[in-house]
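Remarks on the structure that follows.
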Number of protein chains: 2
Amino acid sequence: MTIRQPRVGGRARSGGRPTLEEVAARAGVGRGTVSRVINGSPRVSERTRAAVEAAVAELGYVPNTAARALAANRTDAIALVVPEPEGRFFAEPYFSDIIHGVGVALAETEVQLLLTFASADRERRRLAQYLAAQRVDGVLLVSVHADDPLPDLIEDLHIPAVVSGRRSASEPLASVDSDNFEGAKAAIGHLLGRGRTRIATITGRLDVYGAQRRLDGYRAGLSEAGLEEDESLVEPADFTEEGGRRAMSALLRRRPDLDAVFAASDVMASGARQILREQGRRIPEDVSLVGFDDSAIARHMDPPLTSVRQPIEEMGREMTRLLLAEIASVDAHHPRSARQLTREQVLLPTELVVRASS
Amino acid sequence: MTIRQPRVGGRARSGGRPTLEEVAARAGVGRGTVSRVINGSPRVSERTRAAVEAAVAELGYVPNTAARALAANRTDAIALVVPEPEGRFFAEPYFSDIIHGVGVALAETEVQLLLTFASADRERRRLAQYLAAQRVDGVLLVSVHADDPLPDLIEDLHIPAVVSGRRSASEPLASVDSDNFEGAKAAIGHLLGRGRTRIATITGRLDVYGAQRRLDGYRAGLSEAGLEEDESLVEPADFTEEGGRRAMSALLRRRPDLDAVFAASDVMASGARQILREQGRRIPEDVSLVGFDDSAIARHMDPPLTSVRQPIEEMGREMTRLLLAEIASVDAHHPRSARQLTREQVLLPTELVVRASS
DNA sequence: ATCACACATGGGAGCGCTCCCACCGTACCT
DNA sequence: AGGTACGGTGGGAGCGCTCCCATGTGTGAT
């Protein structure tokens with residue numbers, strides 16, 4: 001028989017990173033005690049804690065995350081999943097703001113943020129594998145389309161998740177959204193205050209829940225002011241500039257007497273403005289124009305566009321808060337199968353930014 | 001005495017993700033064999049492999065990464081470290097291109113990309129912890145400044161790493177850079193071909209190695225054409241638009257007879273153009289202008305700017321290739337302390353994009 | 001038929017941690 | 001004095017994998 005040698009090679013002790021056990025030996029305590037100190041358990045005497053901390057500092061000990069993840073069944077990492085090609089991701093300041101908000105919310109925790117793109121089908125599959133492999137404790141999903149299968153997949157996997165922008169009134173996942181309804185209503189209130197009464201709207205794709213809510217807000221704003229609904233003032237579009245142009249043309253043809261336009265996005269407002277100008281309507285003298293999103297476009301338009309600002313960074317913060325809470329609740333109620341996720345729905349207030357176009 | 005119960009709770013078998021052992025049982029083979037199949041070892045018979053693959057599919061088995069990382073001492077993840085605040089990161093298309101390149105290089109591997117920002121000091125410390133905790137197998141470093149301590153830190157940790165843009169001629173880490181010298185020389189060659197002989201240059205911050213190389217290329221281009229060096233045609237700046245304006249003013253004051261300007265960045269070229277226009281010099285009739293980077297600015301300038309294109313996406317690809325190679329070589333030569341990293345230096349060719357400004 | 005050798009396979013040990021139970025000592029009560 | 005309680009501590013077991021050694025099992029050469 002041969003005596004089994006301890007495994008040598010890559011993980012040899014010499015020069016490797018120190019382990020818990022080594023710290024314990026150095027501090028003259030047991031492994032469990034060191035673990036308690038590292039994890040900030042209160043059940044450790046002051047003397048012992050100090051001794052362990054000294055040993056940690058001397059050895060430059062850093063816990064091995066893989067071991068911790070395996071033993072504790074958590075990774076202390078969350079993923080921000082962007083179901084878009086990188087190109088669009090970088091083009092839109094939206095994402096930058098979201099990430100910033102997430103970063104703020106994570107700053108005081110030990111949780112790491114991972115960014116993942118998943119536009120192509122192939123990448124989707126990879127992502128599914130990734131999530132199933134339990135590499136993250138939870139997922140932030142931004143910019144999901146109504147027909148995206150990703151959220152359902154995540155739901156099946158029983159992974160804590162938060163989406164930005166509900167997909168419907170009965171969003172099954174926890175979500176953070178801006179108050180599209182009130183935002184639109186405020187825009188209408190503002191236009192009414194300017195003395196406008198024939199207010200048209202250009203909507204986004206109505207299969208997007210947020211677009212529907214903006215339309216609802218438009219209608220509520222008018223009816224609360226005692227104005228009758230008038231479908232000839234409503235023109236659907238698709239969130240694009242070209243769509244904005246077409247819708248504006250249609251509206252002017254149908255209702256040449258309109259004195260204000262509420263576009264459900266800045267991009268569509270930009271398209272509308274082009275047509276208004278071509279047709280010789282002055283902004284804001286003849287027609288007031290209001291957009292939605294308060295994007296860079298709004299600030300740089302001529303004249304600068306009044307727009308409804310969404311608190312994007314705050315949405316990022318809030319999403320993170322919700323996700324961390326879900327993860328914590330899962331840890332608590334152990335049974336992984338029967339867990340209760342909170343599925344909280346948060347609605348953040350919007351703000352009307354008034355500029356020269358109204 | 002009490003009989004020790006198997007641990008229950010979160011990690012109970014019921015409903016949990018299947019393990020290797022369960023796949024093995026299902027396929028009627030041993031644990032080792034399943035592991036071999038999963039990892040694509042050739043030492044498995046065709047029959048067995050098929051049986052295991054069937055079991056994997058039936059159970060929806062996905063290996064647990066934490067366990068794998070712990071046992072194999074690798075994570076199959078690399079980090080892209082951006083020592084900039086997120087804002088700048090998103091503002092510059094440079095990063096988007098790099099990431100795209102990295103993504104392409106990673107597409108055919110199982111390696112996951114993590115994005116990490118680390119501008120503030122606090123974040124730096126976190127990052128250092130993160131790396132020490134062995135959460136990634138290697139690091140891609142972009143946009144490092146000459147005085148950044150991060151690369152040295154990474155070097156001390158003996159973590160495979162690749163930087164984009166060497167910090168000096170003797171870069172200690174593996175690096176990928178574009179050929180600034182030849183790029184600049186080509187720009188000068190082009191201007192000479194246009195019949196220009198009094199060619200000035202606006203340099204970047206000369207403590208940035210790349211800026212120095214562009215200046216060297218400028219000089220080499222002139223001397224190869226038999227022109228004498230003339231320091232009155234060289235004006236240092238700092239890569240900013242304002243710097244470009246100042247440098248251009250100084251050059252015009254000193255050398256009103258100049259007939260071409262090579263700016264070491266498009267942004268500086270943009271500043272230079274403003275001054276040239278103010279002074280009534282026509283581009284390109286009176287003065288030819290060439291920039292560097294071929295950024296969006298170059299395409300949108302009036303007139304469109306001739307510029308030296310860097311193969312950014314390819315740099316991302318190449319960095320990834322180098323990093324994966326380093327990681328592989330580390331795995332091979334086990335002893336973690338005495339490892340030999342390749343420290344390869346790659347120089348990618350640039351390309352002159354000729355537009356109306358020259 | 002015998003040996004040698006390759007190839008295929010099973011399973012023990014161990015990666016570094018967390019969790020939890022058992023145990024120790026001390027303080028406080030009866 | 002004996003009992004009880006509890007804060008503090010040590011260390012076994014186990015997380016799910018990889019690695020490698022030991023053990024079959026089949027093939028061709030002798």
Side-chain angles (χ1 to χ4, degrees), chain A residues 1-13 16-25 27-49 51-52 61-76 133-135 331 334 336, chain B residues 1-13 16-25 27-49 51-52 61-76 133-135 331 334 336:
Chain A
M1 88 174 230
T2 50
I3 303 291
R4 187 50 79 73
Q5 294 285 327
R7 252 206 275 178
V8 279
R11 58 293 307 269
R13 282 276 47 77
R17 314 244 194 289
T19 70
L20 245 204
E21 199 102 33
E22 290 167 3
V23 174
V29 301
R31 194 169 15 82
T33 302
V34 177
S35 177
R36 255 160 263 152
V37 172
I38 300 287
N39 293 291
S41 156
R43 338 189 109 275
V44 181
S45 73
E46 211 41 64
R47 271 173 52 84
T48 315
R49 178 183 309 279
V52 170
Y61 171 76
V62 175
N64 178 315
T65 0
R68 172 177 282 178
L70 182 59
N73 202 38
R74 67 193 158 78
T75 63
D76 289 328
Q134 307 174 57
R135 288 181 84 136
D331 278 358
H334 261 176
R336 231 200 156 130
Chain B
M1 84 175 231
T2 50
I3 303 291
R4 190 47 82 71
Q5 294 284 328
R7 253 206 274 180
V8 279
R11 57 292 306 272
R13 282 278 45 77
R17 313 246 195 289
T19 70
L20 245 203
E21 199 100 34
E22 288 166 5
V23 174
V29 300
R31 194 168 15 83
T33 302
V34 178
S35 176
R36 254 160 266 155
V37 172
I38 300 288
N39 294 290
S41 157
R43 339 191 106 274
V44 181
S45 73
E46 213 39 67
R47 272 173 53 85
T48 315
R49 176 183 311 276
V52 170
Y61 171 75
V62 175
N64 177 314
T65 3
R68 173 177 281 178
L70 181 58
N73 201 38
R74 67 191 159 78
T75 63
D76 289 327
Q134 308 175 56
R135 289 180 83 137
D331 279 358
H334 261 174
R336 232 200 155 130

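Residue numbering restarts at 1 for every chain, and letters A, B, ... go by the order of the sequence lines.
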Separation of C:dC17 atom C1' from A:E21 atom CD, nearest Å, is 10 Å
Here the distance between atom C1' of C:dT18 and atom CG of A:L20, to the nearest Å, is 9 Å
To the nearest angstrom, the OH-C1' distance between B:Y61 and D:dG16 comes to 7 Å
From CZ of A:R31 across to P of D:dA13 the rounded distance in Å is 11 Å
So does B:N39 get a side-chain nitrogen or oxygen closer than 4.0 Å to the phosphate oxygens (OP1/OP2) of D:dT18?
yes
Sorted by chain and residue number, the side-chain hydrogen bond (donor to acceptor under 3.5 Å, both in side chains) partners of A:T75 (sequence neighbours excluded) come out as A:D137
D:dT18, OP1 or OP2 - any side-chain N/O from B:S35 closer than 4.0 Å? yes
To the nearest angstrom, the CZ-P distance between A:R17 and C:dC15 comes to 16 Å
Touch class at under 4.0 angstrom, heavy-atom based, for B:T65 against every strand present:
nothing
B:T33 meets the side-chain hydrogen bond (donor to acceptor under 3.5 Å, both in side chains) criterion, sequence neighbours left out, with none
For A:V62, the side chain to side chain contact (heavy atoms under 4.5 Å, CB included) test, sequence neighbours excluded, returns B:Q129, B:A132, B:A133
Considering only heavy side-chain atoms of B:A71, the closest of C:dG14, C:dG16, C:dC19 is C:dG14
Sequence neighbours excluded, the answer for salt bridge (charged side-chain N to carboxylate O under 4.0 Å, His left out) partners of B:R31 is B:E21
Quick one: is A:T33 getting a side-chain N or O under 4.0 Å of the D:dG8 phosphate, OP1 or OP2? no
Quick note, B:N64 side chain, CB onward, closest among C:dT9, D:dG8, D:dG16 is D:dG16
B:R43 CZ to D:dG26 P, in whole Å, measures 18 Å
Closest to the side chain of A:V44, out of D:dT18, C:dC17, D:dT9, is D:dT9
B:E22 atom CD is separated from D:dG16 atom P, nearest whole Å, by 8 Å
Closest to the side chain of A:A67, out of C:dG10, D:dC17, C:dG16, is C:dG16
If each end axis of the helix from C:dA1-D:dT30 to C:dT30-D:dA1 is fitted on five C1' pair positions, the angle between them, to 10 degrees, is 50°
Shortest non-hydrogen pair, A:Y61 vs A:T19, comes out as CE1-C, 3.6 Å
For A:R36, the salt bridge (charged side-chain N to carboxylate O under 4.0 Å, His left out) test, sequence neighbours excluded, returns none
Rounded to whole Å, the CD1-C1' distance (B:I38 to D:dC19) equals 16 Å
Residues at least two apart in sequence or cross-chain that pass side chain to side chain contact (heavy atoms under 4.5 Å, CB included) with A:A27, listed by chain then number, are A:V29, A:V52, A:A55
Considering only heavy side-chain atoms of A:T48, the closest of D:dT18, C:dG16, D:dT9 is D:dT9
Set out, line by line, the N/O atom pairs under 3.5 Å between protein and nucleotides 26-28 of chain C.
none

| task | Quick one: do A:N39 and A:R68 satisfy side chain to side chain contact (heavy atoms under 4.5 Å, CB included)? Show the steps, please. | result | CA-CA 11 Å; A:N39 293 291; A:R68 172 177 282 178; 3.5 Å; yes
Original post:
Under 4.0 angstrom, heavy atoms only, what part of the nucleic acid is A:R68 near: base, sugar-phosphate, or nothing?
Top reply: sugar-phosphate
Taken in chain and number order and not counting sequence neighbours, the residues that satisfy side-chain hydrogen bond (donor to acceptor under 3.5 Å, both in side chains) with A:S41 are none
The reported gap from CG in B:N64 to CG in A:L70 (rounded to nearest 0.5 angstrom) is 6.0 Å
